[in-house]
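Contents: one structure, followed by commentary.
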Amino acid sequence: MKPIEGADNSPAYSSRAVLLIQIALAMGGFGIGTGEFAIMGLMPNVAEGLAISEQQVGHVISAYALGVVVGAPLLAVVGALLFRRHLLILLMIVFALGNFASAMAPDYHSLLLYRFLAGLPHGAYFGVACLVAASLVPPNQRAKAVSRVLMGLTIAMLLGNPLATWLGQVMDWRYAFGLVGGIALLTVLLVSLYLPLNRSEQRSNPVRELRAFNQPKVWLALAISSVGFAGMFCVFSYLAPTLLEVTGVSKAWIPVALAAFGAGGIAGNIAGGWLFDRLQFKAVGWLLLWSTGILLLFPLATQNIVTMLLAAFAVGSMVSLSPALQTHLMDVAAEAQTLAAASNHSAFNVANALGPWLGGMAVSAGLGWSSTGLVGAATALTGFAVFVIAYRQHKLVPVLAEVED
């Protein structure tokens, strides 16, 4: 597929070409989302298969998140020297290998290592994919373009994760990771076919990106992601045992609840992009308050399967923070676009590590599985407090710029 020359000699693509590129990029998000969340639905199965506790499976989840935290900035800086098409393909190959290795892990410690390795390309892939998507549309449609790429992640919550959970329950949890590895290889094929190599693409300078990255407004945005999003992972990581131990339903309901969570994720992803295009950074504050209210109500919903499914949908809608914060970082990152975009997913996975850890502490302290909602609400409220600081600075910066002029 060849780009059409634009008026400024930069590549311009037809609407069909843009759609195919977005589908290819979203497929990678589908694979990553399925790989990241499948183990949460299979927590009892993995625990039984490796003869470990469910809290130890939570450590495996955190190991993947730690891989994202380490890999996102590191691979973004190193990968800045490559064309984006080549970098996306390379990242998906590494992701495929990490998941195939996870499927063959013989014990707890090897699974910890392989999940860490599988997490390394996660953040850099999403960061670069979102930059590619945003570069293909007008400025006032960037958040929607980012949300379309992230749609792969939310569809993974709706379809990929329940499918992988069902496959793991019927056969073995290892097949779920084998499925993810296959999706990653499919992404390599689609990106190779539909994303042209743009040799006129201006590649980033790693040193310049590192210097531009060191700004308070960037760090505050990442802090919001790290803390404010932890509540979703706090609840979602322990959704399966909560269903079994508190709601009192059979394992057959776990994929249904995961699908409800995924449906909420799709709705939230669309809403987050739409809201940010209209309210800009202010949208993040409203979404954090929405998240706090949902999580406060979660413990009240765990006693009944109907209210539990509604709660799972509502918690999934917290994904709305993702496109909003991703686009905000693109706005404030200046010359650190690649590093900032990738680091946002590093920050989200700090939340992915923090949420299960805090939730596990609450459960281990005897507060019960439902307490994850209250712990999550505390993190969302803390994220809102960081937002207030960031918003005040965000409003102050243009004023200072006018004074200097």
message: Set out, in order, the CA-CA distance, both residues' side-chain angles and the distance that settles side-chain contact (heavy atoms from CB on, under 4.5 Å) for Val227 and Val386, then state yes or no.
response: CA-CA 9 Å; Val227 180; Val386 179; 5.5 Å; no

query: How long is the gap from CG on Leu120 to OH on Tyr64, to the nearest 0.5 Å?
result: 9.5 Å

- prompt: In Å, rounded to the nearest 0.5 Å, how long is the span from CG of Leu131 to CZ of Arg84?
  reply: 5.0 Å

query: Side chains of Ile183 and Phe30: closer than 4.5 Å at any heavy-atom pair?
result: yes

query: What pair of heavy atoms forms the shortest contact from Ile52 to Val46, and how long is it?
result: CG1-O, 4.3 Å

statement: Correct closest heavy-atom pair for Ala38 and Ala164 would be CB-CB, 3.8 Å

message: If we ignore hydrogens and angles and just use 3.5 Å, is the side chain of Glu48 paired with the main-chain N or O of Asn45 as donor and acceptor?
response: no

- prompt: Rounded to the nearest 0.5 Å, what separation is found between the CG atom of Asp172 and the CG atom of Leu42?
  reply: 9.5 Å

message: Between Glu36 and Phe233, is the side-chain contact (heavy atoms from CB on, under 4.5 Å) condition met? List the steps.
response: CA-CA 11 Å; Glu36 181 178 16; Phe233 291 108; 4.2 Å; yes

message: To the closest 0.5 Å, what do you measure between CH2 (Trp286) and CZ (Phe387)?
response: 9.5 Å

Flag side-chain contact, heavy atom, 4.5 Å: Thr247 against Asn304: no

query: Can you check whether Val319's main-chain N or O pairs, donor with acceptor, with Ser322's side chain at less than 3.5 Å?
result: no

statement: Heavy-atom nearest pair, Ser371 first then Ala362, reads OG-CB, 3.5 Å

message: Between Pro323 and Asn269, is there a side-chain heavy-atom distance shorter than 4.5 Å?
response: yes

- prompt: Between Phe116 and Leu111, is any pair of side-chain heavy atoms under 4.5 Å apart?
  reply: no

query: Looking only at heavy atoms, what is the nearest atom pair of Val256 and Ala252, with distance?
result: CG2-O, 3.9 Å

- request: Could you walk me through whether Met361 and Val375 pass side-chain contact (heavy atoms from CB on, under 4.5 Å), step by step?
  value: CA-CA 10 Å; Met361 286 182 62; Val375 174; over 6 Å; no

message: Quick check against the 3.5 Å criterion: does Arg115 have a side-chain atom that pairs as donor or acceptor with the backbone of Ala65?
response: no

message: Distance check, rounded to the nearest 0.5 Å: Ser192 atom OG versus Leu197 atom CG?
response: 11.0 Å

- prompt: Of the non-hydrogen atoms in Pro121 and Val94, which two are nearest, and what is the gap between them?
  reply: CG-CG1, 4.1 Å

- prompt: Is there side-chain contact between Ile39 and Ile61, with heavy atoms separated by less than 4.5 Å?
  reply: yes

- request: Evaluate the criterion side-chain contact (heavy atoms from CB on, under 4.5 Å) for residue pair Leu367 and Thr372; output intermediate values, then yes/no.
  value: CA-CA 9 Å; Leu367 299 179; Thr372 55; over 6 Å; no

task: Quick one: which residue pairs count as a ring-ring contact (aromatic ring centres under 6.0 Å, His included) with a foot in residues 90-114, not counting sequence neighbours?
output: none

field: Contact summary for Val149 and Cys130, nearest pair of heavy atoms
entry: CG1-SG, 4.4 Å

- prompt: With a 4.5 Å limit on heavy-atom distance, are the side chains of Gln169 and Pro255 in contact?
  reply: yes

query: Just how far is it from atom CG of Leu243 to atom NZ of Lys251, taken to the nearest 0.5 Å?
result: 12.5 Å

Side chain proximity check, Leu295 to Val235, heavy atoms < 4.5 angstrom: yes

message: Any heavy-atom pair between the side chains of Val170 and Tyr175 that's under 4.5 Å?
response: no

message: Any donor-acceptor pair under 3.5 Å linking the side-chain atoms of Asn99 with those of Ser102?
response: no

message: Under 6.0 Å between ring centres: does that hold for Phe261 and Phe236?
response: yes

- line: Result for side chain to side chain contact (heavy atoms under 4.5 Å, CB included) between Met92 and one of Leu97, Val191, Ile32 points to Ile32

query: Quick one: do the Thr302 and Ser370 side chains pair a donor with an acceptor below 3.5 Å?
result: yes

- prompt: Among all residues two or more places apart in sequence or in another chain, which pass the side chain to side chain contact (heavy atoms under 4.5 Å, CB included) test with Ala301?
  reply: Thr307, Ala311

query: Does Trp357 have any ring-ring contact (aromatic ring centres under 6.0 Å, His included) partners at least two apart in sequence or in another chain, and if so, which?
result: none

- prompt: So Trp290 and Ser317, side-chain hydrogen bond (donor to acceptor under 3.5 Å, both in side chains) or not? Walk me through it.
  reply: CA-CA 9 Å; Trp290 165 256; Ser317 72; 3.0 Å; yes

